[in-house]
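When reading the values below, keep in mind they use all heavy atoms of this one structure, side chains included, and skip hydrogens, waters and symmetry mates.
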Amino acid sequence: MLPGRRQRFKVLAPVRLGKRLDLVHNGGIMPDETNDGTAATVLVVEDDFDLRDALVPILEYEGHRVVSAANGQEALDRLHAMPPPSLILLDLMMPVMNGEEFRAEQLRDPTLASIPVVVVSAHPGAEERARRIGAAGCVKKPFEIEDLLEQVRRSSRRPVAAVLTPSRSATQLRRP
């Protein structure tokens, strides 16, 4: 890849209905090419292993760090063991603890309540349910990957930015 040039790629990911969803992305650079420590972390809470497994490299390619969980309880456990992510992508229909139960628990915890959530669901009433739980957005399954990435860009909290001060050669971290 030439510096400053974008690559186009295609990823095929199976969806639950037995169909295959073509996921096409039209740009971006590999995160290891710009790994400056400022990547936003996204927590993907999705019980469908195939979809969760497909989203991780796509989000990483966009420059995000990705943590995943198979249900709401696992997501809460991960949140208590890590720095807060910039965004949570949340399925609604999951075993153990569903998305709405997870969101209620998240909002009860002052250290987690401000983390934005985007609902990613095939539920017929997903948009209404997303509004009811105070989600920052909603993406209906099946979805175009560019729509999901746009929602991630729009809803994610900005990560800490690296700023080089003129008087030092070391990088200092400062919030924008």
With side chains defined as the heavy atoms from C-beta onward, is the minimum distance between [X] and [Y] less than 4.5 Å?
| X | Y | value |
| --- | --- | --- |
| Glu150 | Arg153 | yes |
| Arg129 | Ile133 | no |
| Met82 | Thr41 | yes |
| Leu149 | Ile58 | yes |
| Ile88 | Phe102 | yes |
| Glu74 | Met94 | no |
| Leu107 | Arg103 | yes |
| Glu60 | His64 | no |

Do Asp147 and Gln151 have side-chain atoms, one donor and one acceptor, less than 3.5 Å apart? no
Can His123 and Asp91 be counted as having a side-chain donor-acceptor contact under 3.5 angstrom? no
Do you know the tightest heavy-atom contact between [X] and [Y]?
| X | Y | answer |
| --- | --- | --- |
| Val119 | Ala130 | CG2-CB, 3.7 Å |
| Cys138 | Val118 | N-CG1, 4.2 Å |
| Val45 | Gly72 | CG1-N, 4.1 Å |
| Met93 | Asp47 | O-OD1, 3.5 Å |
| Asn71 | Pro95 | CB-O, 3.2 Å |
| Glu105 | Leu76 | CB-CD1, 3.6 Å |

Which value, rounded to the nearest 0.5 Å, describes the distance between [X] atom [atom1] and [Y] atom [atom2]?
| X | Y | atom1 | atom2 | result |
| --- | --- | --- | --- | --- |
| Leu89 | Arg52 | CG | CZ | 13.0 Å |
| Glu62 | Leu55 | CD | CG | 12.0 Å |
| Ile115 | Ser155 | CD1 | OG | 14.0 Å |
| Gln73 | Asn98 | CD | CG | 12.0 Å |
| Leu51 | Glu46 | CG | CD | 4.5 Å |
| Leu92 | Ser121 | CG | OG | 4.0 Å |

Arg132 with Glu127: basic N within carboxylate O range, under 4.0 Å: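 Looking at Glu127 together with Arg132, the answer is no, because their closest N to O distance does not fall below 4.0 Å.
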Full working for side-chain contact (heavy atoms from CB on, under 4.5 Å) between Leu59 and Val152: CA-CA 9 Å; Leu59 291 165; Val152 168; 4.2 Å; yes
Go through it in stages, so that I can follow the logic: the residues are Val67 and Val44, the test is side-chain contact (heavy atoms from CB on, under 4.5 Å), and I'd like the CA-CA distance, side-chain angles, deciding distance and then a yes or no. CA-CA 6 Å; Val67 177; Val44 176; over 6 Å; no
